[in-house]
Each structure stands twice: as C-alpha cells, then as structure tokens.
Amino acid sequence: MKTLLVVLMGWCLGALAPAVAQSTQQVSACIAHTSQNSAHVHIVKVDLSCPSVQLVGTAVGTAPTTVKNFAFRNRLNVAINASFFDPQYRPQGLVISDGRRWSDTRDTRQHAFLACTADNRCRIDKPNHKAEVDPHWHTVISGWQNLRGGTYVCPRGASASCNRNARDAHPRTSVGLSRDGRWLYIIVVEGRLPGFAGFTLNQLARLYRSLGVRDAINLDGGGSTTLVINNKRINVLPSRQLFLERSVANQFGVRDAAVR
C-alpha cells in the first residue's frame with residue numbers, strides 16, 4: 001500500500017510539473033543539440049577547444065540565400081540565420097567572413113556582435129560599445145540587443161522598437177559564450193505557432209543564465225529564425241510560412257572537420 005501511494009504521488013507531481021523534458025543528440029564529439037519545452041527550444045553546445053571545429057560565416061557575394069542552402073554549400077554540421085538586414089538584404093552591424101569585411105558594414109553602439117579568430121578565440125561585444133575592427137577576426141556576425149546576466153540590454157538612445165521587440169514573445173535566434181570562452185551556445189526558439197508564441201528576450205536571457213552563460217546576443221528572429229543540423233531544418237517555422245524557409249542576408253555555421 002505504501003509503495004502504491006508513493007507511485008501515485010509521483011505520478012500526480014509529474015502531471016502538475018512544467019514540461020522540462022529534454023532530449024539530446026550528439027551531432028559530433030564536439031557538438032551537442034538539446035531540445036526542450038516540447039521541442040520548441042533548441043540548444044546547440046559547441047566545444048571551441050576542439051581543433052577540428054571551424055566557424056563559418058556567409059561568404060562575401062553569396063547572399064541572399066536560405067540557411068539550408070548555406071549549410072549545404074559549406075558542408076556544415078550546424079547553421080543558423082544571423083544579422084538583421086534591410087529590404088535590400090544588407091546586414092546591419094559589422095559582418096566579417098573568412099577574414100573579409102563586408103563592404104559598408106561596421107559596428108555601432110546600436111549593435112552587438114560575436115567575433116571569432118581562426119583558432120576559435122571568441123568574444124561578445126559589450127553593450128553600448130563601438131569597436132574597431134581587429135585584423136585577427138576571422139568571423140563576425142552582428143545582432144541587436146545584448147543578453148547579459150539574465151536580462152536584455154537595449155543600447156542607450158535606442159528606439160522604442162528595441163524594447164517592444166524584447167518584451168513580446170517571438171521566434172528567436174541567438175548566440176552566447178561561456179565565461180571561459182570554451183563553449184559556444186546557439187539557442188533557437190520556435191514561435192508564432194498554435195500554443196507556443198515564442199520567447200521574450202528576458203526569457204531567453206534567463207535560459208542563458210541557467211546554462212552558466214553571462215553574455216549572449218539576440219540575432220535576427222521572427223520568420224528568419226532557422227536552425228539546420230546535418231542538412232535538415234530542425235525548427236518548425238511560423239504557421240503562416242508553412243514550409244517556406246526565408247532567404248536572409250547572412251548566416252553563421254559550425255563544421256566539425258573530424259566528421260566525415
């Protein structure tokens with residue numbers, strides 16, 4: 001009887017608990033993909049200390065295209081959309097690919113970026129900072145809001161749309177770094193779906209904090225949000241898009257050269 005009561009109590013508590021079940025896929029020895037929140041939230045963890053890991057940005061002159069096409073062309077294990085862009089598919093903020101800076105791109109106080117050298121020494125730009133280009137940077141992608149210490153940060157003087165974007169739930173694409181710089185995290189959140197709107201930026205920032213990540217940046221999201229792993233799109237697109245993946249200005253990807 002006591003055993004039966006324990007089982008029933010466990011079942012009841014499980015039924016009342018929030019859905020936190022996770023599933024993890026080892027993409028390679030250096031890359032892991034975890035899904036949670038009923039598979040609406042995707043976390044990719046990359047070990048930057050692996051010498052076989054290569055970080056790849058969209059080559060100059062090859063945009064616009066879809067994330068899936070970018071991943072296929074570059075034989076990537078993981079690929080996401082990257083910077084916000086204007087109607088002419090010009091990325092906003094600083095963009096560098098294979099050591100080449102995209103023309104007319106630059107850092108401003110209104111943008112945040114992830115910058116990595118060829119040997120995967122990466123940094124995330126701090127809020128309200130305008131940086132000079134480091135000649136050692138091999139790959140740079142830019143976002144908008146910083147995610148720092150469990151909350152989002154709009155730049156000083158930002159338009160009201162910065163806070164409005166942050167406070168509403170949307171599909172999200174983002175990147176973050178562990179404090180020691182060893183682990184790169186990519187978080188992609190689905191949204192605009194029946195029963196799942198997406199994440200606010202504070203929700204996203206708190207998820208990073210739970211992973212031990214202080215600094216991350218919010219990349220372009222909404223209908224652009226896309227995660228491709230081994231040439232397969234993993235995330236569900238917003239309902240109104242059906243199966244149509246959006247072309248974007250630039251992308252970011254990870255290749256583990258040890259995988260054949």
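The structure presented is a predicted model; accordingly, all values stated were derived computationally and were not measured.
Judged by distance alone, the side chains of Asp215 and Asn146 never bring a donor and an acceptor atom under 3.5 Å apart. No side-chain N or O of Ser174 forms a donor-acceptor pair with one of Asn218 less than 3.5 Å apart. Judged by distance alone, the side chains of Arg109 and His129 never bring a donor and an acceptor atom under 3.5 Å apart. Residues Gln251 and Thr58 bring a donor and an acceptor atom of their side chains to less than 3.5 Å of each other. Inspection of the Thr24 and Thr34 side chains reveals an N or O donor paired with an N or O acceptor under 3.5 Å. His42 and Gln36 share no donor-acceptor pair across their side chains, judged by distance under 3.5 Å alone. Of the N and O atoms on the side chains of Ser97 and Trp102, at least one donor lies less than 3.5 Å from an acceptor on the other residue.
A salt bridge is defined here as a Lys NZ or Arg NE, NH1 or NH2 lying under 4.0 Å from an Asp or Glu carboxylate O, and Arg90 with Asp104 fails to meet this definition. The residues Asp98 and Arg100 are annotated as not salt-bridged, no charged nitrogen and carboxylate oxygen being separated by less than 4.0 angstrom. A salt bridge does not link Lys45 to Asp47: none of the charged side-chain nitrogens sits closer than 4.0 Å to a carboxylate oxygen.
Within a 6.0 Å sphere centred on CZ of Arg73, heavy atoms belonging to other residues, nucleotides or ligands number more than 12. Within 6.0 Å of atom CD in Gln88, more than 12 heavy atoms from other residues, nucleotides or ligands are found, so the atom counts as buried in its surroundings.
Residues Ala115 and Val140 share a closest heavy-atom pair of CB-CG2, 3.7 Å.
In this structure, CG on Leu94 lies 5.0 Å from OG1 on Thr105, to the nearest 0.5 angstrom.
One hydrophobic cluster holds both Ile31 and Ile234 under the rule that ILVMFWY side chains link at heavy-atom gaps under 4.5 Å. In the hydrophobic clustering of ILVMFWY residues, with side-chain heavy atoms under 4.5 Å counting as a link, Phe199 and Val213 come out together. Two different hydrophobic clusters hold Leu177 and Leu211 under the rule that ILVMFWY side chains link at heavy-atom gaps under 4.5 Å. Two different hydrophobic clusters hold Leu76 and Leu184 under the rule that ILVMFWY side chains link at heavy-atom gaps under 4.5 Å.
Remark: aromatic rings of Trp144 and Tyr152 are distant, center separation not under 6.0 Å.
Between Phe85 and Tyr89, the ring-plane angle classifies as parallel under the 30° and 60° cut-offs.
Side-chain contact check for Thr173 versus Asp220: every heavy-atom pair is 4.5 Å or farther apart.
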